[in-house]
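In what follows, a single structure is set out as structure tokens and then discussed.
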Amino acid sequence: MRSLTLAALGASLLLASAPVAFANCAKDDPTGSKVLAARQQASSTCPCATATKHGAYVKCVAGVADTLSSGTNPSLPKSCKGAVKKCAAHSTCGKSGTVTCCLTTANGPPAKCKLKKDAAHCTAKQGTTGTCRSCCDACPAPGSGPSCSSITTTTTAPCGPPTGMIVKGSLTATPGRFNYNLTLGLPGANSACNTNFSGSHACTLADLQSAPASDLACLKDTAGMPVTSFWAIASDAATTPSLQQCEDDVAGGSGLNWEYATAHTASRGQKVSLDNTMGALGAVQSSVQCNISGNAWVGCCQ
């Protein structure tokens, strides 16, 4: 509770000190709780720990903010999109070696956060290296908020090869419009799975949920990248609306699932996160944009 209270307070302070552009957000979300909730969802959809390019990470978070602030009853006020994006922009995600640095100003506390290229450059300015990845959370140290939970000092055992009992491997990450083996949608994904892992097909959500953790822990795709999320492909179309399966529902479109990749209609997709270290799946995320919420992987199952 203390952690959430401090994180919400940090969001409120960010809004209070932000330019006029964020003034309406301070009014629409006075406690910062809606911004905090949006940032928590962005942390799941756009994992900082696996980000390799800062610009791509910020774009992914911006996509989450856009999704949460759209529709007739958005969970994030439109005026608060900028606050969520700002926290991502002022982070070390996708910037290898960079740290958050808490600097005490001439007027004393509160400490001011800056990004430094490494810990040495922070201490050289008499700063304290932050334990959070975003300046929205880092100061005063030790900090509290969504970007802090992804930093851990726990030593984990090195990865071994997945057991492959159900999940045989994974294709590379993709937007919600699948295009593998030069073929759109599920046919292309099934073909690519069979090509790379003979006899396999694109994993459905039910396949993934039935797989042992040993299949998913340390799983990498065909390009050698760690898998951190999957598109949640429905095994039963009767129980999952096509508009949650990136259906190409535009006029004159194919009407088929996993072939849609813009944001002009009601078509959305579902994802499920993966703790790659533990092999644990997260909760299913619904109503995510098919093309701007960040890529996810397609597993190959047998």
Side-chain angles (χ1 to χ4, degrees), residues 1 3-12 14-15 22 25 28-51 54 56-94 132-137 143-151 173 175-176 205 208 227-232 243-246 263 266-276 278 280-297:
M1 179 61 70
S3 176
L4 291 176
T5 301
L6 288 174
L9 177 61
S12 297
L14 168 69
L15 301 177
F22 295 136
C25 183
D28 296 337
D29 184 23
T31 65
S33 60
K34 294 179 181 179
V35 169
L36 174 61
R39 291 185 59 217
Q40 288 172 327
Q41 180 159 339
S43 294
S44 176
T45 304
C46 314
C48 177
T50 57
H54 183 67
Y57 170 78
V58 174
K59 183 178 180 181
C60 178
V61 173
V64 173
D66 288 341
T67 298
L68 296 178
S69 61
S70 63
T72 56
N73 188 29
S75 59
L76 177 70
K78 292 184 183 296
S79 59
C80 295
K81 290 194 298 182
V84 176
K85 296 174 186 177
K86 184 174 181 179
C87 288
H90 292 182
S91 75
T92 64
C93 303
C132 306
R133 288 188 164 116
S134 172
C135 273
C136 290
D137 308 318
S144 177
S147 71
C148 306
S149 60
S150 58
I151 296 179
L205 176 60
L208 296 171
V227 176
T228 58
S229 63
F230 293 101
W231 287 108
L243 291 181
Q244 288 294 327
Q245 296 284 289
C246 292
S267 186
R268 298 291 185 268
Q270 292 181 320
K271 290 181 180 179
V272 60
S273 62
L274 170 67
D275 181 330
N276 190 271
M278 303 300 294
L281 294 172
V284 176
Q285 305 161 40
S286 298
S287 300
V288 297
Q289 295 278 12
C290 299
N291 67 325
I292 59 174
S293 64
N295 292 349
W297 282 260

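We use all heavy atoms of the structure for the numbers below, so side chains are in, but hydrogens, waters and symmetry mates are not.
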Report task. Return the minimal non-hydrogen interatomic distance between S144 and C132, and the atom names on each side. Result -> N-SG, 3.9 Å

Query raised in the report: Taking C-beta and beyond as the side chain, do R39 and C136 meet within less than 4.5 Å on heavy atoms?
Result: yes

Query raised in the report: Any donor and acceptor pair, going by atom type alone, linking the side chain of H54 with main-chain N or O of A89 inside 3.5 Å?
Result: yes

Report task. Provide the closest heavy-atom pair for G176 versus C246 in the form atom of the first, atom of the second, distance. Result -> O-CB, 3.6 Å

Query raised in the report: Considering only heavy atoms from C-beta outward, does the side chain of V84 approach that of V64 to under 4.5 Å?
Result: no

Query - D29 side chain to V35 backbone, donor-acceptor under 3.5 Å - result: yes

Report summary line: OG of S75 to CD of Q41, rounded to nearest 0.5 Å, is 7.0 Å

**Report entry** V288 side chain reached by W231 side chain, heavy atoms, under 4.5 Å
**Finding:** yes

**Report entry** Pairs meeting criterion salt bridge (charged side-chain N to carboxylate O under 4.0 Å, His left out) with involvement of residues 283-297, two or more places apart
**Finding:** none

Query raised in the report: Sequence neighbours excluded, which residues qualify as side-chain hydrogen bond (donor to acceptor under 3.5 Å, both in side chains) partners of W297?
Result: D221

Query - Check: P77 main-chain N/O paired with D28 side-chain donor or acceptor under 3.5 Å - result: no

Query raised in the report: Between NE2 of H90 and OG of S134, what distance do you get to the nearest 0.5 Å?
Result: 8.5 Å

Query - Smallest separation among heavy atoms of D137 and C148, with atom names - result: CB-SG, 3.8 Å

Query raised in the report: Would C93 and C46 count as a disulfide (SG to SG under 2.5 Å) if you check the C-alpha gap in whole Å, the side-chain angles of each, and the deciding distance to 0.1 Å?
Result: CA-CA 10 Å; C93 303; C46 314; over 6 Å; no

Query - Minimum-distance pair of heavy atoms, taken over all atoms of A173 and N295 - result: CB-CB, 3.8 Å

Report task. Check for a donor-acceptor pair, side chain of Q245 on one end and backbone N or O of Q270 on the other, with a separation under 3.5 Å. Result -> no

Report task. Heavy atoms only: give me the nearest V284-A232 pair and the separation to one decimal. Result -> CG1-CB, 4.5 Å

Report task. Spell out, as yes or no, whether a donor-acceptor pair under 3.5 Å connects the side chain of S70 to the backbone of T67. Result -> yes

Query raised in the report: At what distance, to the nearest 0.5 angstrom, does CG of L281 lie from CG of L205?
Result: 7.5 Å

Report summary line: For residues 59-70, the salt bridge (charged side-chain N to carboxylate O under 4.0 Å, His left out) pairs (sequence neighbours left out) are D66-K81, D66-K85

Requested in this report: First locate atom OG of S91, then atom CZ of R133, and finally report the distance between them rounded to the nearest 0.5 Å.
Outcome: 9.5 Å

Report summary line: To the nearest 0.5 Å, atom SG of C25 lies from atom NZ of K86 at 11.0 Å

Query raised in the report: Is it true that the SG atoms of C135 and C87 are less than 2.5 Å apart?
Result: no

Query raised in the report: Any idea which heavy atoms bring A88 and Y57 closest together, and the distance?
Result: CB-CE2, 3.8 Å

Query raised in the report: Just how far is it from atom NZ of K271 to atom OG of S229, taken to the nearest 0.5 Å?
Result: 5.5 Å

